Amino acid sequence: MTDSLLYALGAFVLIQLFYYLFVFTRLAFYGRSTNYGNEAPGVTVLVCAWNEKENLTELLPLLDAQEYPEFEVILLDDRSDDGSEDFMRENIHSWKNIRYIRINDEFAHVTPKKYALTVGMKQAKFPVALMTDADCRPNSLHWITAMTSQINEEKNIVIGFSPYEKESGLLNWFIRCETFYAAVQYLSFSLSGLTYMGVGRNIMYKTQVFFANKGFYRHRHIMGGDDDIFLNEVSTSSNTAISIEPESFVYSKPKSTWSGWLRQKRRHLAVSQFYRKRNKVMLGILSASHVAVWLLGLLTLTYALVSKDILLLQELGIVVGVRWIIQWVLFFIINRKLDNTVEWFSFLLMDFAFFIYYVFFGFFVMTRRKPRTSWN
């Protein structure tokens, strides 16, 4: 029995190490390539908002003040009833780069945000579109410059990083952990030529990519997916770049309640069923092997303690120790690139938290309902 446990544990550890050494190392040792000398294309920044007046008062001045040769910001106000319209009408003339579009209609065949983004794409003056959300804040006045530095004739899509603001509490810590590990995955896979998602808070692509794909037509009725499902459809092994320059980061306000965070995660996970098959397989193997390592590790530890098998404890320590050391080194390097999103000393606790997370949401994936089709 002990041999079987160790062999099984070792097999799943090897699967994890494959991802660490052949995928995540691409991000860990990725050189931040800034091509600021490239010809700067005109950029249209698209911001969708629904009852975001308070956030708009902070965000719009930051966007208007961006230091970039030629750009515009289109605020797409989707039927807000919190005074956003009056605020925009009163202040629009004080900004030189802001345009305002009020959307008063809602259609059953398309979700509100995707309709708003489609309107923005059609109204865009420039050939490159950069998306963010109303509750986000660019890390610098060179956000547009940092993102466009990665776009060229071959690269039509640029995936940015959007961490959450640090606050006190367990929920905030886990949100930052989940954001960090998700970024490790989608940025590393993109560098491996296997792009499967970005985050709508910080993503850029040429408008021709949007229209050549008929926009969000194939998933227009699904809440979410304007970033991940869309990239699943249009990304190739050669047309996507990433930007991990600190100036390109966009910070966002995290959910403040567990219920709000759970609703958000359920929506995101429900959307993942529309990923390409290869993406679902590679992500499924990664998370399943993570769970298996912890289950088999805990089972082996329990058996060794009960039977007082010192040799088994030593062998267990070697197997899981190798994984944790390699994981810690890679995460430490990547974490520094991603503005120290997570405290380095909590990596082991984060690893265990993801074991619980995968088990919990595994039940949801198997019993999920039809994705929602509203902003809420």
Side-chain angles (χ1 to χ4, degrees), residues 43-66 71-107 110-124 129-141 143-144 147 160 162-167 171-172 175 179 198-204 216 223-227 249-257 259-265 267-268 271 372-376:
V43 174
T44 294
V45 178
L46 298 179
V47 182
C48 295
W50 177 65
N51 289 339
E52 296 280 6
K53 178 184 174 181
E54 183 176 345
N55 279 317
L56 295 176
T57 61
E58 297 181 17
L59 174 65
L60 293 179
L62 294 175
L63 296 182
D64 188 59
Q66 285 287 305
F71 76 99
E72 65 173 345
V73 178
I74 301 180
L75 174 65
L76 300 151
D77 177 11
D78 181 32
R79 300 166 292 124
S80 296
D81 56 8
D82 66 340
S84 294
E85 183 175 13
D86 292 336
F87 167 75
M88 291 303 301
R89 301 295 184 194
E90 293 169 2
N91 292 277
I92 191 68
H93 299 295
S94 63
W95 301 308
K96 61 180 180 180
N97 298 302
I98 308 294
R99 292 171 58 196
Y100 175 64
I101 297 178
R102 170 76 180 185
I103 297 174
N104 293 307
D105 300 317
E106 183 179 8
F107 301 94
V110 59
T111 59
K113 186 176 182 181
K114 289 176 181 174
Y115 176 71
L117 282 173
T118 301
V119 170
M121 289 288 181
K122 291 181 178 179
Q123 294 293 322
L130 175 58
M131 276 64 70
T132 192
D133 290 339
D135 63 347
C136 295
R137 305 290 181 268
N139 199 37
S140 77
L141 296 180
W143 169 51
I144 300 176
M147 289 294 285
S162 182
Y164 284 103
E165 297 175 356
K166 292 184 180 180
E167 298 174 359
L171 174 61
N172 180 264
I175 287 175
T179 302
V199 289
R201 304 187 300 275
N202 193 12
I203 191 170
M204 167 184 280
F216 306 123
M223 182 62 179
D226 51 278
D227 43 19
F249 295 168
V250 172
Y251 275 84
S252 183
K253 297 180 183 296
K255 296 294 184 183
S256 58
T257 64
S259 59
W261 175 76
L262 284 170
R263 285 195 299 270
Q264 182 185 61
K265 295 312 299 179
R267 188 174 70 245
H268 291 170
V271 166
R372 295 175 63 89
T373 57
S374 68
W375 279 86
N376 296 336

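Quick caveat: nothing in here was measured; it's all calculated off a predicted structure.
- We find the CZ-CD1 distance between R99 and I74 to be 4.0 Å, quoted to the nearest 0.5 Å.
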Side chain to side chain contact (heavy atoms under 4.5 Å, CB included) evaluation trace for V110 with F216
CA-CA 9 Å; V110 59; F216 306 123; over 6 Å; no
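- Annotation: side chain of M88 is in contact with side chain of I98 (closest heavy-atom distance under 4.5 Å).
- Annotation: the span from I175 atom CD1 to W261 atom CH2 amounts to 7.5 Å, rounded to 0.5 Å.
- The distance from atom OG1 of T57 to atom CZ of F87, rounded to the nearest 0.5 Å, is 5.5 Å.
- Heavy-atom minimum distance, S162 versus N202: CB-CB, 4.3 Å.
- In this structure, Y164 and Q264 approach most closely via the heavy-atom pair OH-NE2, 3.8 Å.
- For K255, the NZ atom counts as loosely surrounded, since its 6.0 Å shell holds 12 or fewer non-hydrogen atoms of other residues, nucleotides or ligands.
- The shortest side-chain heavy-atom distance between L63 and W143 falls under the 4.5 Å cut-off.
- The main-chain N or O of S256 is never found under 3.5 Å from a side-chain atom of N172 such that the two would form a donor-acceptor pair.
- Counting only heavy atoms from C-beta outward, the side chains of R89 and R102 approach each other to under 4.5 Å.
- V73 is not listed as a side-chain neighbour of W95, based on a closest heavy-atom distance of 4.5 Å or more.
- A distance of 12.5 Å separates NE2 of H268 from CZ of R263, quoted to the nearest 0.5 Å.
- Going from atom CG of D82 over to atom CD of E52 covers 8.0 Å, rounded to the nearest 0.5 Å.
- What you find for Q66 and P138 is that their closest heavy atoms are NE2-CB, 4.1 Å.
- Between I101 and Q123 the shortest heavy-atom distance is CD1-CG, 3.6 Å.
- A salt bridge does not link K113 to D227: none of the charged side-chain nitrogens sits closer than 4.0 Å to a carboxylate oxygen.
- Looking only at distances, no side-chain donor or acceptor of N139 sits under 3.5 Å from a matching main-chain atom of F249.
- The shortest non-hydrogen separation linking E165 to P254 is O-CG, 3.9 Å.
- The number of heavy-atom neighbours closer than 6.0 Å to CD of E167, taken from other residues, nucleotides and ligands shown, is above 12.
- Partner of M131 under the side chain to side chain contact (heavy atoms under 4.5 Å, CB included) criterion, out of V250, L46, V199: L46 alone.
- When all heavy atoms of L130 and M204 are compared, the pair lying nearest together is CD1-CB, 3.7 Å.
- You'll find the side chain of Y100 reaches within 4.5 Å of the side chain of E85, heavy atoms only.
- Not a single donor-acceptor pair under 3.5 Å links the side chain of D64 to the backbone N or O of L60.
- You'll find the side chain of L117 reaches within 4.5 Å of the side chain of C48, heavy atoms only.
- For the pair N55 (side chain) and R137 (backbone), a donor-acceptor distance under 3.5 Å is absent.
- Side chain of N97 to backbone of A65: no donor-acceptor contact under 3.5 angstrom is found.
- Put simply, the side chain of L56 reaches to within 4.5 Å of the side chain of S84, judged on heavy atoms.
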